[in-house]
Amino acid sequence: MRKEFLSIAAVSVGLFAGLGLTIPLARGDAKPRTISVDEIKDGMKGYGLTVFKGTEPERFDVEVVGVLRNFRPSQELILIKTPHPRLNVTKNVRGMSGSPIYLDGRLAGAYAYSWSSFQVEPVAGVTPIAPMLAEMRRPIPPGFWPLEGGAPLPASSAKAAGTKHASNGAPGNGTTAFDGAPGTYDVESHATQVATRLSAGLDPSRPVVPTATPLMLAGMSDRSIALVRKLFAPMGLEPVQAGSGGGSGTDDPNAPKRYVDGGGVGVQMARGDVSFMGLGTVTHVEGTKLCGFGHPMMEAGVTALPTAIGRVHWIFASDQHSSKIGEAARPLGALVQDRQSAIVVDETKSAPVFPLNVEIRGADGIPKKNWNVEIAEERFMSSGLVASVLGSIIDASVSERRDVTWKLKSKVSVRGHGTIELEDFGVATGGMPDAGELAHSKVARAVGEVLNNPWELTRLEKIETTLFVDYTRDLWKLRGLDVLDPVVDAGQVARVRVHLVPYAGPATTKILEVRMPNELAGKDVDLEVVPGYQVVPDLAAPQNLADLLANSARQSVTPRSLVLQFRARSQGVAYKGHVADRLPAFALDALRPSSTDVAPDAFPSYVRTIVPLDRYVEGSDRAKIKVRPIVR
Amino acid sequence: MLAILRIDSSNLLSFARTTLAAGLVLAPLFVTGDAGAVGTRTFVLDTLDKMSGGDLKGVSVSSDGTVRAGFTLGSAPIPDATTVFAATTLTDGSTLIGTSPNGKVYKAVGDTITLFGDTGALAVTSIVQAKNGTIYAATIPDGKIFKLSQGKADVFATLPDASHVWALTRDKNGTGLFAATGPEGKVFHVEANGSSSVYFRSTEPHLVSLALADNGDLYAGSSGKGQLYKITGPGRATVFGDMPGEEVKAIAVGKDNAVWVISNEYGEPPEPPKRSAAAGRVPAGPSAAPKGKPGKGQLHRFDAQGRMERMMKHDDTHYMALSLDDKGAPYVGTGAGGRVYTVDDAHAVTIVADTDERQVGALHVSGGKGFVATSDPPVLRRILGRGGPDAVWTSKVLDATLRARFGTVSWRSSGPVEVSFRTGGTGVPDATWSGWSNPITGPAPINATARYVQVRARFSRDPNATLAEVTVPFVTDNVRPVITEVNATAKAGPTKEPVKEVPASGAEPPKRDSVVKVTWKVDNPDSDPLRYRIAFKREGQAQWRDALKADEVHTKTELDWETSALPEGKYRVRVEASDEAANPPDQVLKHALESDTVVVDNTPPRIETLTLAGRRLRARVVDGTSPIVRFEIAIDGRTDWRPLAPADGVFDTSDESVDADVSVVVPPGSHIVVVRAFDAAGNAVSRDIEAK
């Protein structure tokens, strides 16, 4: 079994208080007194700070058992025992990552690594403080936060300054970037890429691993948690059901106003009616900045995610691995660096988030019709979070094991590009789609596409979604078709009769017509009847984000329709938003030069008749007819 | 006398097209002291195809192969475009050029190109200037006509149900427009205020060309079935011409009311790549889709009485542009090769411009001036005049196929023409070639040894000079012909080819034929005419004997060798190739090769014994040379031959016995039993015996 060395968070003040020990709440505005690794010897004793319950750190004893040299590149690891009544039970605890460890009264580092699961004694690895402080003092690239205290990257100034995207870095770069062509975004592929990057070069059998950061999930359904676990667990982010606390937007007046050494710190990826927060411990506060965790969260480098002061409810003890459970007590600052040895939070920063508002229609009597969530803008996380949040809302509101026809109409506002409208829809037997299915929805994909687009830096401003549900199986099944005119004169209309069968009720027929052009005289023509949602209109390949967004909203003809179509003899071309269909031969030849490959793309032309219907259609069919030349 | 071979320069090895031309230009022969063959051959460039095989910068080539100074063209590359769809000369003398794929219109003043208007469309397909000076541009794919002025492109009209506007022309008043459109094949009349109405509705998918006659008749050409319509009023039209091909690309009406039409015929375009489900979301990469082949173009003229006459055709290119000059002479721009042709009343076709670009997108010729606007890549080439220092005819690289000595280059000309030549060892001239020789104005020896030669001519001294019939004699090294393979098989016998399948059991016996087919292959690098000598000898003998008559000159690579007069046995055939027909005796080179053995067997086998005891037939058959392959029996003169097996089960030797119960074949009673036997050469013998 794979062993893990878990990063561990702070020790409960309460427990130590019970033992009669008190410590001052550290909040340094000056440089701390530190002890270097070279000065640390086996058997040295000291203490650590972490929150066992509430928001105040408590003290726990530590004893050095050794130092691992070059544990990571240019980084040592101090091994300690933590003899403490509670920790003797819990062993290592997820969420204690970052708990400061003091030796000889000086700050030695952060409780950060553990050995495997099923640990039988409380031994942990400590990341030395020196590299953590170095990361905390590491400058942010100029222009990354154009407005002090504000969110990074107002699109205009970012463009003007030619700077990188705060959460994304340069387009196409970064640990959390999606490596794929625009238009092919898929959050599960993205998760695999990110997990691969984070584990690249690491021996999977290594005994010492960073402690997983517990993800405090509130307001999320089990099915959504399953998606979250699937996407985030390979990165060391372990979902734990919790509460949303002050993260919902209403601050707890009793919550601390500032971060303190050993206090809880949460990275809030979603907050509001649904919340999603990674919980760890502050190692050291210096001015308005702090370092914590003692290991990376996603090793994203310069980043911008909202943070909050964490409140711990309890440490769940588990033979496999124990974990803190907690919530946000007060939103404060932003995660600005996510590095190998530490995360760095700046209290004065405000990370970009976008509101996701969901309204539910058609489900009478549900307890909550409007949901509001703020989601952190991050290349990888945002898309999965949108799907998870939507899945949770659906599960909480309209999850019933009966047939349902649903439609998700979303308005996605993108800075500088206005609002695009997307429509996801479906007919499901046995209940609504879950978060896993919604991960492939147009709206979730659009979020990933926008944040990972290779053309420009932009921001999601808001997403407004309306979910329409109708507890019927609103579906026609295509039973088959009759060719009414097996031979038709060129220039005349060919007709087919389609037989449509509903789930319950009488079957019906419809006659579809399409005109046979003269150019097909003497030819056999293959007619095809397909549902409208399967017909992808001819679109020009996107040249920029605006094109991509415009095309995203036009990925099918009328979804509730039947399309009668056939291949025309001619071809068309598409280029830079233009679609020129059914071209004469000279034009097709002229538009496709041989001296350059940057030219319009050819595509086969189709002649289509679109017949709107009151329901979605399932199934397709084909028929052949003959077009007769007119000689009379 | 030595014959001088006149060889089609486009295919030196094509002896089938070789003709004797003893009276042609005689160049002095280079006497070589070593291996040089004396078979002098000559490159003769004397037709349009041969004279236009190289580079034609600033020269024209007519269909009789005469080269003249042609259009001297300027060169002004057009930015941010790949294709020129339309160009027109404005009243101020400047030129407007409509391009794709960015729908921009450029203005050219001299060779200075500036952006005039950006329609934002995919392509600007036609530009016209109204009588009042307003400029209109037709575009695809949204059916829009723009009104252009410097730096501005405003939508003037959007034609209903028309995606593509292919052509514009002014109406008779000069204020309104006619617009030819697709994909529903309509002509719209567009008023000066931008309102439009359908003027003519065809049954074709596209109307792509328009021209207005002085009398107000409107001609429109279609893409689909290649119809040429004459439209005399709203909705009043007749098919003026049913043109060959699918497309009437351009129409021009001359002052004599002659209507000129270019039409094209295309094959099926290559299938475009299948679109993925992510089409429209994935950015395009380098286009790997196959490009179409050029079509075939034809130019027709309708005289004032409407009689159609084909004036020119090309099977290797379709036509893209048509212009009539002041005298009514047609100029046609091609869709492949970037050439401009003209043709006179006698159907003499002349290349007047040969550009480096793929297509001629638009063309205007007037008073010896005008422009050729090319595509792929787009370049505006102004017609600067005729001749001049840049008017250079350069032949294609002429390949002697072997190292050769080149003789005196000569030509026919009127007026002074400066000719130069160069030689080299690579098919494409490079730094290893000799430099161009000093210009010569009369025949002069090349005096060089190389495989390739190239000739060029300048017309700078006299723009009216002509050049025709350029000849370059050469003598290649004499190289030995080598026989690479000799096959000799009985004409009716089994083939020497490897047997791929087991032959059918009890197959028909071989047919006898005394003719042995001898074939051979020869490697003849210098293409000398070869004479073959064929000899044979019996296996075991030393003496080769001629298979040909003493005075027979055999030049084919096969021989039907009659063997009926030869004793049977195994023979070998030897073929000797000699280039003595092209070389003096002391330089003749020969090579000979023998065949495998071939069996000559013209005598039938013998039935040594034949007995029939009851219905038990016993026989022994013997042949002198070949194995016995079949023994058959029939009765009473019927032809229902039934095979019998040999006593040892396999027909494999020339001495076989048969011992068989023939009661199934010979019923009780008295019958005449006939048996016959075949050897492997097909010789047969028969005997009869009476059955009681």
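The sequence lines fix the lettering, A, B, ..., with proteins before strands; numbering per chain opens at 1.
Most heavy-atom pairs under 4.5 Å with chain A: of the set G103(B), A123(B), A121(B), this distinction falls to A121(B).
Both the backbone and the side chain of T203(B) have a heavy atom closer than 4.5 Å to some heavy atom of chain A. Contact of P377(B) with chain A is made through backbone and side chain together, with heavy-atom distances under 4.5 Å. For P517(A), no part lies near chain B; criterion is any non-hydrogen pair under 4.5 Å. Heavy atoms closer than 4.5 Å to chain A are found in the side chain of F85(B), but not in its backbone. Neither the backbone nor the side chain of R515(A) has a heavy atom closer than 4.5 Å to any heavy atom of chain B. In this structure, the portion of D581(A) lying under 4.5 Å from any heavy atom of chain B is its backbone and not its side chain.
The CG atom of D589(A) lies 6.5 Å from the CE atom of M320(B); values are rounded to the nearest 0.5 Å. Going from atom CZ of R582(A) over to atom NE2 of H164(B) covers 8.5 Å, rounded to the nearest 0.5 Å.
Side-chain atoms of H578(A) do not come within 3.5 Å of backbone N or O of I140(B) as any donor-acceptor pair. Between the side chain of T83(B) and the backbone N or O of A590(A), at least one donor-acceptor pair lies under 3.5 Å.
Across every non-hydrogen atom of D376(B) and P593(A), the tightest pair is OD1-CB, 3.1 Å. In plain terms, the two heavy atoms of N102(B) and K576(A) that are nearest each other are OD1-NZ, 3.2 Å. Considering all non-hydrogen atoms of both residues, A585(A) and S223(B) come closest at N-OG, 4.5 Å. Nearest heavy-atom pair, R592(A) versus R358(B), reported as atom, atom and distance to 0.1 Å: O-NH2, 3.6 Å.
In this structure, S100(B) and Y575(A) have side chains that are not in contact, with every pair of non-hydrogen atoms separated by 4.5 Å or more.
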Kindly indicate, with the supporting measurements, whether the criterion side-chain contact (heavy atoms from CB on, under 4.5 Å) is fulfilled by Y266(B) and F586(A). CA-CA 9 Å; Y266(B) 299 92; F586(A) 84 90; 3.4 Å; yes
Run the numbers on S595(A) and T82(B) for side-chain contact (heavy atoms from CB on, under 4.5 Å), then give the verdict. CA-CA 8 Å; S595(A) 60; T82(B) 60; 5.7 Å; no
